[in-house]
Protein chains: 4
Amino acid sequence: MTRRSTTRDPERTRRHILDAARAAFAHQGLDGARVDAIAEASGVNKRMIYYYFDDKEGLFLAVLEEIYAELSAAGEAMDLAAPPLDALTRYVDFVWTYYHGHPEVIAILNNENLHGGAHLARSLHIRELERPFIDKLARLLQQGEEKGAFRPGLDPVTIHITVIALVYLFLGNNRTLSIFFDRDLSTAVAKKSWREHIQCSVRAIVTV
Amino acid sequence: MTRRSTTRDPERTRRHILDAARAAFAHQGLDGARVDAIAEASGVNKRMIYYYFDDKEGLFLAVLEEIYAELSAAGEAMDLAAPPLDALTRYVDFVWTYYHGHPEVIAILNNENLHGGAHLARSLHIRELERPFIDKLARLLQQGEEKGAFRPGLDPVTIHITVIALVYLFLGNNRTLSIFFDRDLSTAVAKKSWREHIQCSVRAIVTV
Amino acid sequence: MTRRSTTRDPERTRRHILDAARAAFAHQGLDGARVDAIAEASGVNKRMIYYYFDDKEGLFLAVLEEIYAELSAAGEAMDLAAPPLDALTRYVDFVWTYYHGHPEVIAILNNENLHGGAHLARSLHIRELERPFIDKLARLLQQGEEKGAFRPGLDPVTIHITVIALVYLFLGNNRTLSIFFDRDLSTAVAKKSWREHIQCSVRAIVTV
Amino acid sequence: MTRRSTTRDPERTRRHILDAARAAFAHQGLDGARVDAIAEASGVNKRMIYYYFDDKEGLFLAVLEEIYAELSAAGEAMDLAAPPLDALTRYVDFVWTYYHGHPEVIAILNNENLHGGAHLARSLHIRELERPFIDKLARLLQQGEEKGAFRPGLDPVTIHITVIALVYLFLGNNRTLSIFFDRDLSTAVAKKSWREHIQCSVRAIVTV
DNA sequence: TATGAATGAGGATTCATTCAT
DNA sequence: AATGAATGAATCCTCATTCAT
C-alpha cells in the first residue's frame with residue numbers, strides 16, 4: 001500500500017500526498033484526518049507535507065482547489081449538443097454521474113462549509129476558474145427558450161444549484177436519510193429511481 | 001456568559017451541556033469540537049460531561065437524538081389544513097423556516113453523514129420517532145391527487161427529500177456556492193428569491 | 001532523581017516544576033531547555049506544566065518572577081546597621097554572596113536580556129515588587145554623606161548597578177574571560193582576589 | 001534583502017553566511033537561531049552552511065572566533081599616546097564605544113558563557129590571538145605609576161575586566177535593569193551619564 | 001452531584017542534517 | 001561550488017479521559 005518514491009520526483013511526491021489527503025479529508029474531515037496517516041498512506045516522508053503545503057490547512061486548501069479545478073474541467077468535457085430536452089437530460093445525467101463518481105467531493109465541500117468557506121475565501125486560484133457548467137447551461141436554456149420548449153427568463157445558476165441540490169443531498173446525506181426515513185436509499189434501485197425523479201423534476205421546472 | 005450551576009440541578013446541568021455541545025458540534029464538527037471548550041461554555045465541570053454522557057461520542061449522539069426529536073416534534077406543529085396548493089406552499093415554507101431557524105442542524109447532520117451515520121445507526125431512540133412530516137405530506141398529496149390538482153402516485157418521502165434538498169443545500173452550502181458562482185447568496189434578497197424558486201419548483205413537480 | 005508526587009498536592013507539583021525549570025533554563029536557556037526534560041526532572045506529568053503555566057514561555061516567566069521576588073526578598077534580609085564604611089563592605093559582600101550562591105540567576109537574566117526583556121515587560125507582578133536593596137543603600141549613602149565619609153549626591157541605583165556589574169560579569173562570564181585572558185578566574189584565589197577588588201573599588205568610588 | 005550569490009564566489013558566500021549567522025545568534029542565541037533562517041537571510045543555499053562550517057556549532061564557533069579576532073584587532077587600533085589620565089579616559093571611551101557599536105558581541109558572548117565556554121575552549125585560533133588591550137593598558141598603568149598619578153601594583157587584566165564589566169553589564173542587561181529599577185536606561189541621557197560614571201569610577205580606582 | 005488535579009497517548013509541526021544531481 | 005528534495009528524530013503542545021476528594 002505504501003508506495004516508496006525512491007526516485008526524486010517532486011511532482012509525483014506532491015501527487016501522492018494530495019491523493020492521500022483527499023481520501024483522508026473525505027473520510028474523516030479536516031479535523032479528523034491525521035497528518036501522520038496521510039504521510040503514511042502517501043508513502044512520503046511526513047516532512048514533505050510541510051515542505052510542499054506549509055501545514056494541514058494548506059494541504060486542505062490544495063485539495064479543495066484541485067476539486068474545484070476538476071469541477072471546472074468536468075464542465076469543459078460536457079457535451080450538450082442536442083435538442084434542448086435531450087441536452088437537459090444529458091446535463092442532469094452528467095452532474096449526477098460526476099458526484100456519484102466523486103463522492104469525496106461532497107464530503108470535502110461539506111467540510112469547507114462547516115468552516116464557513118474560510119479556506120476557499122483565501123484561495124487565489126478559485127477566482128480565476130471558468131464555470132463552464134453555467135455557460136453551457138445558459139446556452140441550453142437560451143435555446144430551449146427560443147424553441148418555445150423552456151420557460152423564458154430561467155437563470156442558469158439557479159437551475160444549476162437546483163440540480164446540484166437534488167444530486168448532492170441524496171448522495172451526501174444518503175445514510176441519515178435512509179435511517180430517518182427507514183428506507184434504504186443506497187441500493188441501485190433507489191438510486192435509479194431518484195435519478196429519474198431528478199430528471200422529471202428538472203424537466204417540470206424548466207418547461208412551460 | 002459562563003453560567004455557574006452551583007446549585008445541584010441535574011436537569012439544568014444536562015441542558016447546559018447539551019446546548020453548548022450543540023453549538024460546538026455545529027461550528028467545529030465532532031472532531032473539531034473540544035470537550036474542554038464545551039465544559040467551559042456550559043459553565044459546568046468537565047467531569048459532568050462524562051457523568052451524563054459517558055464520552056464525547058455519547059454527547060454527540062445525545063445532541064443528534066435531540067435534533068431528530070425536535071425535527072419530529074416540529075412536524076407535529078405543522079398545520080396543513082388548507083386547500084392542496086395552499087397547503088403545499090405552507091409545507092415548503094415550514095421546512096424552509098425550520099432549517100433557516102436551525103442552521104446548526106444542517107452542520108451536525110452533515111457531520112453525522114461524514115461519519116457514515118454511525119452514531120445514528122446505534123441509536124435506540126431514533127427508531128421510535130414518528131415522522132409526522134411524511135404522514136401529513138402523504139395526506140396532502142392524497143388530497144391533491146383526489147382533487148385532480150396533483151399528479152397521481154407521488155411518493156411523500158421522495159417529495160420530502162426533494163424539498164429538504166432544495167432548502168438544505170442552499171443554506172448549508174451557501175458559502176461555497178457563493179464563492180464558486182461569484183454571487184452572494186447570503187443576502188435577504190437571494191434567500192427570498194431562492195425560497196420562491198423552491199415554491200415554484202415543488203409546485204411544478206407535483207402538479208399535472 | 002524523579003520524585004513521584006503520588007499525593008495530590010498542587011503547591012508541591014508547581015514547586016517541583018518550577019525548580020526543574022529553573023535549573024533547565026539556567027543551563028540551556030529558554031530555547032535550549034526541553035519541556036520533556038523539565039517534566040522528567042520534576043517527576044511530574046508533562047501535561048501539568050501546561051496546566052499550571054500555559055506554555056514554555058509562561059513557565060519561563062514564572063521562573064523569572066520568582067527570581068525577582070527572591071531578589072527583592074534578599075534585600076529585606078540584608079542588615080546594614082553599622083558605620084558607613086563597614087555597612088558598605090557588608091553590602092558588597094551581600095551582593096557577591098547572593099549571586100555567587102545563585103549562579104542560575106545570572107544565566108536566566110542574561111537569557112531574558114537576549115529576548116529583549118519581553119517576558120519581564122509583560123509581567124504584572126514585577127511592578128509591585130519593592131526594591132529594598134535600593135532603599136537600604138540609599139539610607140547608607142545618606143548616612144555616609146552626613147558623616148562626611150562619602151561623597152555627596154551619590155545615586156543609589158547607579159552604585160547598585162555598579163556593584164552588580166562587578167559581581168555579575170565576573171561570575172557570569174568567568175569562562176570566556178578565563179579563556180580569553182588565559183588566566184583561570186574560577187579558582188577560589190581568583191574569586192577572593194576579585195571580591196577584594198570590588199570592595200576596594202566601591203570604596204574608592206563613594207569616598208571623597 | 002536576500003542576496004543571491006549566483007556567481008561562484010566562495011569568500012563572498014562565507015561572508016554572507018557569517019554575517020547572517022552573527023545577527024541570528026545575537027538575536028535568538030545558539031539554540032534559538034534557525035539554520036534555515038540563516039540560510040534564507042544570507043541568500044545562500046542551506047547546504048552551503050554545512051559545506052563551509054560542518055554544522056550549526058561549527059558556524060557558531062566561526063562567529064565566535066571572528067568576534068574575538070575583531071576584539072583583538074580593535075585593541076591594535078586603540079591609540080593611548082597621551083598623559084596617563086587622558087589616556088585612561090580615552091581607553092575607557094574606546095571600550096565603551098566598541099561594545100556600544102557592537103551590541104551583538106555581548107549577546108553572543110553571553111551565549112557562549114551559557115554553554116560554559118565549550119566552543120571557545122575547543123577553538124584553536126583563540127590561543128594565538130594577541131591581547132593588545134591588555135598590553136597597552138599595562139604600559140599605561142606603568143607610566144601612570146611612574147609619574148605618581150596611579151597607584152602602584154595595578155593589574156591590567158583586573159582593570160580591564162572592571163571596565164568591561166561596567167560597560168558590558170549596562171549595555172547587555174539594559175532592558176532588565178530598566179524594568180527592575182523602573183528607570184529607562186536606554187536613553188541617550190542615561191547612557192551619557194553612565195559613561196561618565198565609568199570614567200569617574202575608573203579614575204577613582206586607579207588613582208592614589 | 002460536583003470538582004480541581006492528574007494522566008498518557010497522540011497531534012501538528014520543526015529541526016538540523018543529508019542525499020542526489 | 002551549488003541546489004532542491006528528502007529524512008527521521010525531536011519538540012511543543014493538545015486531547016479525551018480518569019482519579020481522588
Side-chain angles (χ1 to χ4, degrees), chain A residues 4-14 31-39 44-59, chain B residues 4-14 31-39 44-52 54-57 59, chain C residues 4-14 31-39 44-59, chain D residues 4-14 31-39 44-52 54-57 59:
Chain A
R4 277 280 143 198
S5 52
T6 43
T7 55
R8 297 205 149 204
D9 186 341
E11 211 40 61
R12 197 179 141 194
T13 300
R14 262 187 73 98
D31 288 305
R34 299 295 161 223
V35 173
D36 276 48
I38 292 172
V44 155
N45 186 286
K46 193 186 358 176
R47 185 61 186 77
M48 285 292 97
I49 291 178
Y50 295 91
Y51 186 74
Y52 286 112
F53 304 99
D54 292 341
D55 55 17
K56 199 186 185 185
E57 303 234 336
L59 181 54
Chain B
R4 278 280 141 199
S5 54
T6 42
T7 55
R8 300 199 159 201
D9 183 342
E11 209 40 58
R12 198 180 139 194
T13 300
R14 259 188 74 97
D31 289 306
R34 300 296 160 224
V35 174
D36 275 279
I38 292 171
V44 154
N45 186 282
K46 193 179 12 171
R47 188 64 187 77
M48 287 295 97
I49 292 177
Y50 294 90
Y51 185 78
Y52 286 114
D54 292 341
D55 56 17
K56 199 189 186 185
E57 303 237 336
L59 180 54
Chain C
R4 277 281 142 199
S5 53
T6 41
T7 55
R8 298 206 148 204
D9 186 342
E11 212 39 62
R12 197 180 141 195
T13 300
R14 263 186 71 98
D31 289 306
R34 300 297 162 220
V35 174
D36 276 50
I38 293 172
V44 155
N45 185 287
K46 193 190 351 174
R47 184 62 186 76
M48 286 293 97
I49 292 178
Y50 297 92
Y51 187 74
Y52 286 112
F53 304 99
D54 293 341
D55 54 17
K56 199 186 185 185
E57 303 234 336
L59 180 55
Chain D
R4 277 280 142 201
S5 53
T6 44
T7 55
R8 299 197 158 204
D9 184 342
E11 210 38 61
R12 198 180 139 196
T13 299
R14 260 188 73 96
D31 288 307
R34 299 297 159 223
V35 174
D36 274 277
I38 292 171
V44 155
N45 186 282
K46 193 180 10 169
R47 188 63 186 75
M48 287 295 95
I49 292 178
Y50 294 91
Y51 185 78
Y52 286 112
D54 292 343
D55 56 17
K56 199 188 185 185
E57 303 237 335
L59 180 55

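Below, chain A is the first sequence line, B the second, and so on; all start at residue 1. These values consider heavy atoms only, across backbone and side chains, with no hydrogens, waters or symmetry-generated copies.
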Nearest to the side chain of C:Arg34, heavy atoms from C-beta on, is which of F:dA1, F:dC12, F:dT7?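 Nearest nucleotide to the side chain: F:dC12.
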Counting side-chain heavy atoms from C-beta on, which of E:dT13, F:dC12, F:dA5 comes nearest to A:Met48?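 The answer is F:dA5.
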Please report, rounded to the nearest Å, how far the [atom2] atom of [N] is from the [atom1] atom of [X].
{"X": "A:Ile38", "N": "E:dG11", "atom1": "CD1", "atom2": "C1'", "result": "12 Å"}
{"X": "D:Asp54", "N": "E:dT18", "atom1": "CG", "atom2": "C1'", "result": "13 Å"}
{"X": "C:Asp55", "N": "F:dC13", "atom1": "CG", "atom2": "P", "result": "5 Å"}
{"X": "B:Asp9", "N": "E:dT1", "atom1": "CG", "atom2": "P", "result": "11 Å"}
{"X": "D:Arg14", "N": "F:dA1", "atom1": "CZ", "atom2": "C1'", "result": "14 Å"}
{"X": "C:Arg12", "N": "E:dA5", "atom1": "CZ", "atom2": "P", "result": "16 Å"}
{"X": "C:Asp36", "N": "E:dA9", "atom1": "CG", "atom2": "P", "result": "13 Å"}
{"X": "B:Ile49", "N": "E:dA2", "atom1": "CD1", "atom2": "C1'", "result": "13 Å"}

According to a strict under-4.0 Å criterion, is [X] in side-chain N/O contact with OP1 or OP2 of [N]?
{"X": "C:Asn45", "N": "E:dG8", "answer": "yes"}
{"X": "D:Arg47", "N": "E:dC19", "answer": "no"}
{"X": "A:Thr13", "N": "F:dA6", "answer": "yes"}

Please classify the nucleic acid contact of A:Phe53 as base, sugar-phosphate, or nothing, using heavy-atom distances under 4.0 Å.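 A:Phe53: no heavy atom of the nucleic acid under 4.0 Å.
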For B:Ala37, which contact category applies under a 4.0 Å heavy-atom criterion: base, sugar-phosphate, or nothing?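 Nothing: the residue B:Ala37, judged by heavy atoms under 4.0 Å, touches no strand.
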Provide the Watson-Crick or G-U wobble partner of E:dT14, both distances under 3.5 Å; none if there is no partner.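 Base-paired to F:dA9.
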Under a 3.5 Å cut-off for both distances, is E:dA5 Watson-Crick or wobble paired, and to whom?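 Here E:dA5 is engaged in a pair, and the nucleotide opposite it is F:dT18.
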By nearest nucleotide on DNA chain E, pick out whichever of A:Val35 and C:Tyr51 is the more 5' one.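 Its nearest nucleotide being more 5', the pick is C:Tyr51.
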How do D:Tyr50 and A:Asp31 order along DNA chain E: which one's closest nucleotide is nearer the 5' end?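 Going by which nucleotide is closer to the 5' end, it is A:Asp31.
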Taking all heavy atoms of [X] and all of [Y], pick out the closest pair and write down the distance.
{"X": "D:Ile38", "Y": "D:Ala33", "answer": "CD1-CB, 4.5 Å"}
{"X": "A:Val35", "Y": "A:Lys56", "answer": "CG2-CG, 3.9 Å"}
{"X": "B:Tyr52", "Y": "B:Pro10", "answer": "OH-CA, 3.3 Å"}

Output the distance between atom [atom1] ([X]) and atom [atom2] ([Y]), rounded to the nearest 0.5 Å.
{"X": "C:Tyr50", "Y": "C:Arg47", "atom1": "OH", "atom2": "CZ", "result": "9.0 Å"}
{"X": "D:Ile49", "Y": "D:Asp55", "atom1": "CD1", "atom2": "CG", "result": "11.0 Å"}
{"X": "C:Phe53", "Y": "C:Met48", "atom1": "CZ", "atom2": "CE", "result": "11.0 Å"}

Contact nearer the 5' end of DNA chain F, comparing B:Glu57 with D:Tyr52: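 This one resolves to D:Tyr52.
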Does any donor-acceptor pair link the side chain of B:Lys46 with the base of E:dT3 at a separation under 3.5 Å?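 Absent.
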